[in-house]
Protein chains: 2
Amino acid sequence: MDTAVRALTWAERLRAVGLRVTQPRLAVLAVVHADPHLSADLVAERVRKQIGAVSTQAIYDALKTLTEHDILRRFEPAGSAMRFEVANHDNHHHLVCRTCGTVTDVPWVVGSMPCAVPDDTHGYRVDEAEVTYWGTCPACARAGTVTSS
Amino acid sequence: MDTAVRALTWAERLRAVGLRVTQPRLAVLAVVHADPHLSADLVAERVRKQIGAVSTQAIYDALKTLTEHDILRRFEPAGSAMRFEVANHDNHHHLVCRTCGTVTDVPWVVGSMPCAVPDDTHGYRVDEAEVTYWGTCPACARAGTVTSS
DNA sequence: CTGCTTGCTTGAACGATTCCAGAAAACGTG
DNA sequence: CACGTTTTCTGGAATCGTTCAAGCAAGCAG
């Protein structure tokens, strides 16, 4: 029901940036919106569940195009495949579990704004400060300490 | 001449963590120390210039082992192969050029300490805050604006 | 110096991503 | 609503960076 509303919104956003509205793109957007931090692989899997056969290439193309047009945001924790989320420009960061790879959003902390720009940029024109917090998620921490108690 | 001194130091560090002292490892350490932020590929290339034929596998093994023993530090800007630097625990961060991929060290800014740990860790045990600054390096900025003047 | 353990070599496998050429679909126009 | 143009999708294969596996070689303790 609100699927229709949502699809329309995505379609509008696509047109707004001059992109054609296609089933694969809409499905990719729906899937990434419903479940952020998915890899291209998982996006493909879910898109297919939703609209049937789609080539892997179409998925990659859609993800790339949508990212280039700032509708999606791509990131890539070291050692992981690329992951995607809807670009809502809230500038949040990511908490990544070293054990299971799960990614959790961390809202931007206003008080720490200063570190968005380093003191000495070495002449670089900096446009983004990406912060990744590495650690162990609750589930993995529990699993890892099971034997010691 | 200080090559000998330096090699000795590396050898000592290797022994200190219970690793055998081998030519490939010493060469990898020398190369990464001399030129941080190298990819495995480039490390291999330079190691070979220094000590002759070494298998790619030996390079990867050395890099992995040394990283695991905290003598090297591995990082991986999105879209790039993994890169290595000597782990001196100064907790500096990286400035990456979107155009040419060049990486420059950014010293840790004391005043911005607060953002090292997010407010809400969602139950994660956080052990590292990795900051990557994305932008355009002076050279690429110049090259990109040549036509407009 | 000898043997055990660790590290190296070679060669192949692997996953994620991209490249390519042709078929199909989306959109603006008549 | 049919048409042509342009963009997108399909299918298949290639590429890159990295890892796996088995046997040989070398480091180091005794």
Side-chain angles (χ1 to χ4, degrees), chain A residues 7-8 10-29 31 37-48 50-69 71-72 74-84 101 103, chain B residues 7-8 10-29 31 37-48 50-69 71-72 74-84 101 103:
Chain A
L8 195 65
W10 292 132
E12 285 169 353
R13 289 193 67 177
L14 287 173
R15 290 210 180 84
V17 295
L19 289 176
R20 293 193 176 170
V21 179
T22 68
Q23 284 303 312
R25 284 178 181 164
L26 292 175
V28 164
L29 285 168
V31 162
H37 311 150
L38 293 178
S39 63
D41 238 24
L42 287 174
V43 169
E45 188 180 297
R46 303 202 182 182
V47 163
R48 288 180 184 125
Q50 196 170 306
I51 63 169
V54 184
S55 71
T56 303
Q57 202 41 228
I59 303 292
Y60 274 97
D61 275 355
L63 290 170
K64 185 184 177 193
T65 306
L66 293 171
T67 301
E68 283 170 354
H69 286 81
I71 295 178
L72 292 184
R74 166 170 53 208
F75 66 103
E76 192 182 321
S80 151
M82 42 192 198
R83 290 153 178 269
F84 298 85
V103 176
Chain B
L8 196 64
W10 291 133
E12 285 169 354
R13 290 194 64 178
L14 287 173
R15 289 210 181 84
V17 295
L19 290 177
R20 291 189 179 171
V21 178
T22 67
Q23 285 302 313
R25 284 176 181 166
L26 292 175
V28 163
L29 286 168
V31 162
H37 312 150
L38 293 178
S39 63
D41 238 24
L42 287 174
V43 170
E45 188 180 298
R46 302 201 182 183
V47 163
R48 288 180 185 125
Q50 196 170 308
I51 64 169
V54 184
S55 71
T56 303
Q57 202 42 227
I59 303 292
Y60 274 97
D61 275 355
L63 289 170
K64 185 183 177 193
T65 306
L66 293 170
T67 301
E68 284 170 354
H69 286 81
I71 296 178
L72 292 185
R74 167 170 53 207
F75 67 103
E76 192 181 320
S80 152
M82 43 193 198
R83 289 153 179 269
F84 298 86
V103 176

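Here is the naming used below: chain letters follow the sequence lines, and residue numbers restart at 1 for every chain. Heavy atoms only: backbone and side chains are in, while hydrogens, waters and symmetry mates are out.
In this structure, B:Phe75 atom CZ and D:dG17 atom P are separated by 16 Å, rounded to whole Å. Here the P atom of nucleotide C:dG7 and the CD1 atom of B:Ile51 are 15 Å apart, to the nearest Å. As rounded to whole Å, 16 Å separates atom P of D:dT7 from atom CG of A:Leu14. Across the protein-nucleic acid pair, B:Arg74 atom CZ and D:dT19 atom C1' stand 12 Å apart, rounded to whole Å. The CG-P distance, from A:Leu63 to C:dT18, rounds to 10 Å in whole Å. Nucleotide C:dC8 holds its P atom 10 Å from the CG atom of B:Leu26, rounded to whole Å. Counting to the nearest Å, the P atom of D:dG11 and the CD1 atom of A:Ile59 are 13 Å from each other. Atom NE2 in B:His69 sits roughly 11 Å away from atom P in C:dT6 (whole-Å rounding).
For B:Met82, counting side-chain heavy atoms from C-beta on, the closest listed nucleotide (D:dC9, D:dT19, C:dG7) is D:dT19. For B:Val54, whose side chain is taken as the heavy atoms from C-beta onward, the closest listed nucleotide among C:dT9, D:dT8, D:dT18 is C:dT9.
Put simply, CG on A:Leu29 and CG on A:Leu72 are 5.5 Å apart, with the number rounded to the nearest 0.5 Å. Atom CG in A:Asp41 sits 11.0 Å away from atom CZ in A:Arg83 (nearest 0.5 Å). Atom CZ in B:Arg25 sits 11.0 Å away from atom CG in B:Leu63 (nearest 0.5 Å). Here CZ of A:Arg20 is found 12.5 Å from OG1 of A:Thr65. Values are rounded to the nearest 0.5 Å.
Every residue two or more places apart in sequence or in another chain that forms a side-chain contact (heavy atoms from CB on, under 4.5 Å) with A:Gln50 is listed here: A:Ala27, A:Ala30, A:Val31. Every residue two or more places apart in sequence or in another chain was checked for a salt bridge (Lys or Arg N to Asp or Glu O under 4.0 Å) with B:Glu68, and none qualifies. The side-chain contact (heavy atoms from CB on, under 4.5 Å) check on A:Val21 picks up A:Ala11, A:Leu14, A:Arg15, A:Leu26, with sequence neighbours excluded. Here A:Gln57 pairs with A:Ser55, A:Tyr60, A:Asp61 under the side-chain contact (heavy atoms from CB on, under 4.5 Å) rule; sequence neighbours left out.
Nearest-nucleotide assignment on DNA chain C puts the 5′-proximal partner with B:Ala53, out of B:Ala53 and A:Glu76. Toward the 5′ end of DNA chain D lies the nearest nucleotide of A:Arg25, the other residue of the pair B:Asp41 and A:Arg25 mapping further downstream.
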Reading 5' to 3' through nucleotides 20-30 of chain C, protein heavy-atom contacts under 4.0 Å coded B for base, S for sugar-phosphate only, - for none: -----BBS---
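Looking at heavy atoms from C-beta onward, A:Val28 lies out of side-chain contact with A:Phe84 at the 4.5 angstrom threshold.
Listed pair A:Tyr60 / C:dT17 meets the phosphate criterion, a side-chain N or O lying under 4.0 Å from OP1 or OP2.
The bend of the helix from C:dC1-D:dG30 to C:dG30-D:dC1, defined by the angle between the axes of its first five and last five pairs, stands at 40° to the nearest 10°.
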